[in-house]
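Each chain gets a letter, A, B and so on, in the order its sequence line appears, and its residues count up from 1.
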Number of protein chains: 2
Amino acid sequence: MALPDTRTKLLDAAERLFAEHGYRGTSVRAITDLAGANLAAVGYHFGSKAELLAAVARRVTEPITAAQSAGLDALLARTPDPTVAELVEAFAGPLFDGMPAGDESGARTSRLIVTILSDPAEEARSWTGPDEDAVGERYLAAFAQALPGLARQELLFRMRGILAVAAVDRVEVYNQPSPARPTATEGEEARNWAITFLTAAMSAPPTRA
Amino acid sequence: MALPDTRTKLLDAAERLFAEHGYRGTSVRAITDLAGANLAAVGYHFGSKAELLAAVARRVTEPITAAQSAGLDALLARTPDPTVAELVEAFAGPLFDGMPAGDESGARTSRLIVTILSDPAEEARSWTGPDEDAVGERYLAAFAQALPGLARQELLFRMRGILAVAAVDRVEVYNQPSPARPTATEGEEARNWAITFLTAAMSAPPTRA
DNA sequence: CCACGAGTCAAACGTTCGTTTCAATCGAAC
DNA sequence: GTTCGATTGAAACGAACGTTTGACTCGTGG
C-alpha cells in the first residue's frame with residue numbers, strides 16, 4: 001500500500017477522469033496514461049472499461065453508504081424518535097463529508113456522483129447496489145415516522161430532492177476555474193447551508209391534494 | 001411549417017437523442033437517421049455537432065426563460081413585495097410546465113436540461129446566455145427582498161437548489177421503463193410536491209455562522 | 001537451475017466517429 | 001429554356017475508440 005499497485009493507480013486515475021469528463025468522455029488510453037500504466041492493464045485487471053466504472057463507483061459510494069448507515073445507528077441508539085433535522089444531518093452529511101474542500105478530491109467525488117447518477121451511458125445506469133437500497137429504506141422508514149401524515153410517494157420525492165441538492169450543487173463549483181474553487185471554510189459553509197435548506201424542505205407539511 | 005423542413009427535423013431528432021443518450025452518446029448518424037436526412041445535413045445546416053447542440057439548447061431553454069420572466073413581471077405588477085411562495089411558484093413552475101407528463105416530450109425536456117447542465121462534455125458547458133443570466137439576476141433581487149437577512153452567497157446556493165431539484169428529479173423517472181412513467185396527474189402531483197418542498201426550503205431562516 | 005504464473009509491454013485489430021468532398025437535384029428567376 | 005443558388009446525395013477521409021493478441025519480464029517455488 002505504500003507503493004500503490006497498478007490496479008489502485010487505475011482506480012485513482014479513472015475516478016478522477018470519469019469525474020471530470022464523464023464516462024464516455026474518458027478514454028481508456030487517458031486513464032492508463034494518467035496512471036502510468038499500459039493500455040492493456042484495464043482489460044487485464046477489470047475486464048473492460050464498463051467494469052472499471054463499476055469498480056470506481058463501488059469504491060466511492062461504499063464509505064458514504066457506510067457513514068449514512070452508522071449515522072442512523074448512532075441516532076437510533078440515542079433516541080427512538082429522531083427529529084427531521086437529525087435525520088437530514090445523518091443522511092445528507094456524509095454526502096458532503098466525502099469532500100474535504102480545498103482538496104480537489106472533494107469536488108471530484110461529488111462530481112463523480114452526479115456524473116454517474118445522470119450519465120446517459122447505459123453502463124452507468126443502475127449503479128446502486130443492495131447496500132444503498134437498504135440504507136435508503138431504513139431512512140425512508142425513519143423519515144416516515146418523523147413526518148406522520150406524509151404520503152410515501154411524496155416522501156420518496158423529497159428524499160430524491162436531498163440527493164439532487166447534495167449532488168448537483170457542486171457541479172458548477174467544479175466547473176469553475178481553479179482560483180474560484182471553494183476554500184475549506186467555504187466547503188463547510190456549503191454543507192451547513194445544505195443542511196438548513198434541506199431540513200426546512202423535509203419539514204414542510206404535506207402537499208394538499 | 002406544415003411540412004417541417006430538414007433543419008427543424010434535425011433539431012427535433014437531436015433534442016430527443018441528446019436527452020436520451022447525452023451529447024457524447026449520440027452520433028450524428030443517429031440524428032440524421034431519425035430525422036430522415038442525409039448525414040451531411042448537420043454540417044450544412046449547423047456547421048458541426050457542437051453547434052447543433054447549442055441550437056437545441058437555445059430552443060429548449062428560451063420558452064422556459066421567457067415564462068419565468070413573464071411570471072415575475074405579472075407578480076410585480078400585482079404587488080411590490082411578492083412572498084417567497086409566489087416567487088418559487090413563478091421561478092420553479094416553468095421548469096415543470098415544459099413537461100406535459102404522459103406525453104414523452106415532458107420527460108425529454110427535463111432530461112435534456114439535466115443532461116446539458118451536467119454533461120461533462122466541454123461543448124455542453126456554459127450554455128446559459130445573457131437571457132438566462134438576466135432572469136436569474138432579477139429573481140435573485142426579488143428573493144433577496146423577500147428574505148432579508150439572508151447572505152447573497154447563501155441565497156445563490158438556495159437558487160441552485162431549486163434548479164437541482166427541478167432538473168434531477170425527473171432523471172430517474174425518465175430512466176424507468178415505459179409502464180412506470182408518470183401519468184398526467186402524477187406529473188401535476190410532482191410539480192406540487194416540488195413547490196411545497198422548495199418553498200419551505202427557500203423560506204428557511206439564514207444559517208447561523 | 002529451471003519452470004511457472006502473474007503482470008506488463010508494444011502492436012495491431014476492427015469499428016465507429018465527426019467532418020469533408022463533390023456531384024446530383026430541384027425550384028425559381030430571367 | 002437556361003442559369004443559378006440552395007439543398008441533398010453517396011462516398012470517402014483521417015482520427016480515435018475499446019479490445020485483443022502474443023511475446024517478454026521477473027519474482028517465486030520446486
Can B:Glu189 and A:Phe157 be said to form a side-chain contact (heavy atoms from CB on, under 4.5 Å), step by step?
CA-CA 10 Å; B:Glu189 221 172 19; A:Phe157 176 93; over 6 Å; no
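The nearest whole Å value for the distance from the CG atom in A:Leu52 to the P atom in D:dC17 is 15 Å. The interatomic distance linking B:Arg24 (CZ) with D:dG18 (P) rounds to 11 Å, in whole Å. Per the geometry, CZ belonging to A:Phe46 stands 13 Å off P belonging to D:dT19, to the nearest Å. Going from atom CD1 of B:Ile31 over to atom C1' of C:dT16 covers 15 Å, rounded to whole Å. Note: CG (B:Leu17) to C1' (C:dG18) measures 16 Å, nearest angstrom. Here C:dT16 presents its P atom at 15 Å from NZ of B:Lys49, a figure rounded to the nearest Å. Between the P atom of D:dG18 and the CG atom of A:Asp33 lies a distance of 12 Å, rounded to the nearest Å. Atom CG in B:Leu53 sits about 12 Å away from atom P in C:dT19, given to the nearest Å.
Every pair passing side chain to side chain donor-acceptor pair (under 3.5 Å) that includes a residue from residues 34-51 of chain B is listed here, sequence neighbours excluded: B:Ser48-B:Glu51.
The shortest distance between the side-chain N/O atoms of A:Ser27 and the OP1/OP2 oxygens of D:dC17 is below 4.0 Å.
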Contact list (N/O, under 3.5 angstrom) for nucleotides 23-25 of chain D vs protein:
none

Summarise protein proximity over nucleotides 5-14 of chain D in one line of letters, 5' to 3': B for base, S for sugar-phosphate only, - for none, counting protein heavy atoms closer than 4.0 Å.
-SBBBBBB--
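A search for salt bridge (Lys or Arg N to Asp or Glu O under 4.0 Å) contacts involving B:Arg59 returns B:Asp12, B:Glu15, not counting sequence neighbours. Not counting sequence neighbours, A:Asp131 has no partner by the salt bridge (Lys or Arg N to Asp or Glu O under 4.0 Å) test. Every residue two or more places apart in sequence or in another chain was checked for a salt bridge (Lys or Arg N to Asp or Glu O under 4.0 Å) with B:Asp33, and none qualifies.
Going from atom CZ of B:Phe197 over to atom CD1 of A:Ile162 covers 6.0 Å, rounded to the nearest 0.5 Å.
Formation of a donor-acceptor pair under 3.5 Å by the A:Thr196 side chain with backbone atoms of A:Asn192 is found in this model. Of the possible donor and acceptor atoms, one in the side chain of B:Tyr139 sits under 3.5 Å from a partner among the backbone N and O of B:Gln68.
B:Arg158 and B:Glu154 are joined by a salt bridge, as a carboxylate oxygen and a charged side-chain nitrogen come within less than 4.0 angstrom of each other.
Among the protein residues, B:Thr26 comes within range of the sugar-phosphate backbone only, with heavy atoms under 4.0 Å from sugar or phosphate atoms but none that close to a base.
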